[in-house]
Amino acid sequence: EIHDRDGGAIEFADGTRQTSSAQQIPQRLIDNGADHRLSIDDMGKHIFVTDSNTRIAVPYHYDIPLPIGYTVVVINGSGNTISIDADGGGIDIIVPGVDIAQYWDLASPGMATLIKVTESNWYMTGNVTVTGP
């Protein structure tokens, strides 16, 4: 038996809960062309970028200890590519089937999903191309 408890999660008979994918994902608008370093406030949101001078920086764990499982979606609506980069050494951004690197470009229009899987490894999917090691 399944019960919808709060409109965004379901609870199974054994007490486990699962978040439904059919829910609103809050937006954080980045329209000023400044670099944006991911923070705890971005977790679970979609970042909508409208200025191509914006760079999305993935922080080093020891600077900003974002939790394992931290997930964010980046949407590029700027009309040009934007960068998604490791902000400091020791971070690998892995695009399965493509490459392991620290510097990526996200096409426009484009979308990428990032998830932190270890202190130094992030996985990303989307229409991205590698630009550096």
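Met43 is connected to Val72 through a chain of hydrophobic side-chain contacts under 4.5 Å among Ile, Leu, Val, Met, Phe, Trp and Tyr, so both are in one cluster. Note on Val98 and Val74: same hydrophobic cluster, where clusters join Ile, Leu, Val, Met, Phe, Trp and Tyr whose side-chain heavy atoms are under 4.5 Å apart, directly or indirectly. Leu114 and Val73 fall into different hydrophobic clusters, where Ile, Leu, Val, Met, Phe, Trp and Tyr are joined by side-chain heavy atoms under 4.5 Å apart, directly or via other members. Ile93 is not connected to Met111 by any chain of hydrophobic side-chain contacts under 4.5 Å among Ile, Leu, Val, Met, Phe, Trp and Tyr, and they are in different clusters.
Applying the ring pair (Phe, Tyr, Trp, His ring centres under 6.0 Å) definition to pairs two or more places apart or across chains, none involves residues 27-59. Sorted by first and then second residue, the side-chain hydrogen bond (donor to acceptor under 3.5 Å, both in side chains) pairs involving residues 122-133 (not counting sequence neighbours) form an empty list. Every pair passing salt bridge (charged side-chain N to carboxylate O under 4.0 Å, His left out) that includes a residue from residues 49-60 is listed here, sequence neighbours excluded: Asp35-Arg55, Arg55-Asp85, Arg55-Asp87. Sorted by first and then second residue, the ring pair (Phe, Tyr, Trp, His ring centres under 6.0 Å) pairs with a member in residues 73-120 form an empty list; sequence neighbours excluded.
For the atom pair CD1 of Ile100 and CE of Met124, the computed distance is 12.0 Å after rounding to the nearest 0.5 Å. Between the CD1 atom in Ile82 and the CG atom in Asp105 there is a gap of 9.0 Å [rounded to 0.5 Å]. Thr54 contributes atom OG1, which lies 6.0 Å from atom CG of Asn32 (distance to the nearest 0.5 angstrom). Separation of atoms CD1 (Ile115) and CD1 (Ile94) is listed at 12.0 Å; rounding is to 0.5 Å. Atom-to-atom distance recorded for Ser120:OG and Ile91:CD1 is 8.5 Å, nearest 0.5 angstrom.
In this structure, Ser108 and Gly79 approach most closely via the heavy-atom pair OG-N, 2.8 Å. The two residues Ala112 and Ile84 have their closest heavy-atom pair at CB-CD1, 4.1 Å.
In this model, a donor atom of one side chain and an acceptor atom of the other lie less than 3.5 Å apart for Ser78 and Asn76.
When each of Asp31, Ile30, Ile75 is paired with Thr50, the side-chain contact (heavy atoms from CB on, under 4.5 Å) condition holds for Asp31 and for no other.
Annotation: side chain of Asp41 is in contact with side chain of Arg28 (closest heavy-atom distance under 4.5 Å). Looking at heavy atoms from C-beta onward, Asp42 lies in side-chain contact with Ile47 at the 4.5 angstrom threshold.
When atom types are taken as modelled, the side chain of Tyr70 and the backbone of Leu38 share no donor-acceptor pair closer than 3.5 angstrom.
For the salt bridge (Lys or Arg N to Asp or Glu O under 4.0 Å) test, no residue two or more places apart in sequence or in another chain qualifies with Asp92.
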All N/O donor-acceptor pairs, side-chain side in residues 56-64, below 3.5 Å, sequence neighbours left out:
unit_1, atom_1, unit_2, atom_2, d
His61, ND1, Lys116, NZ, 2.6
Tyr62, OH, Glu119, OE1, 2.5
Asp63, OD2, Arg37, NH2, 3.2

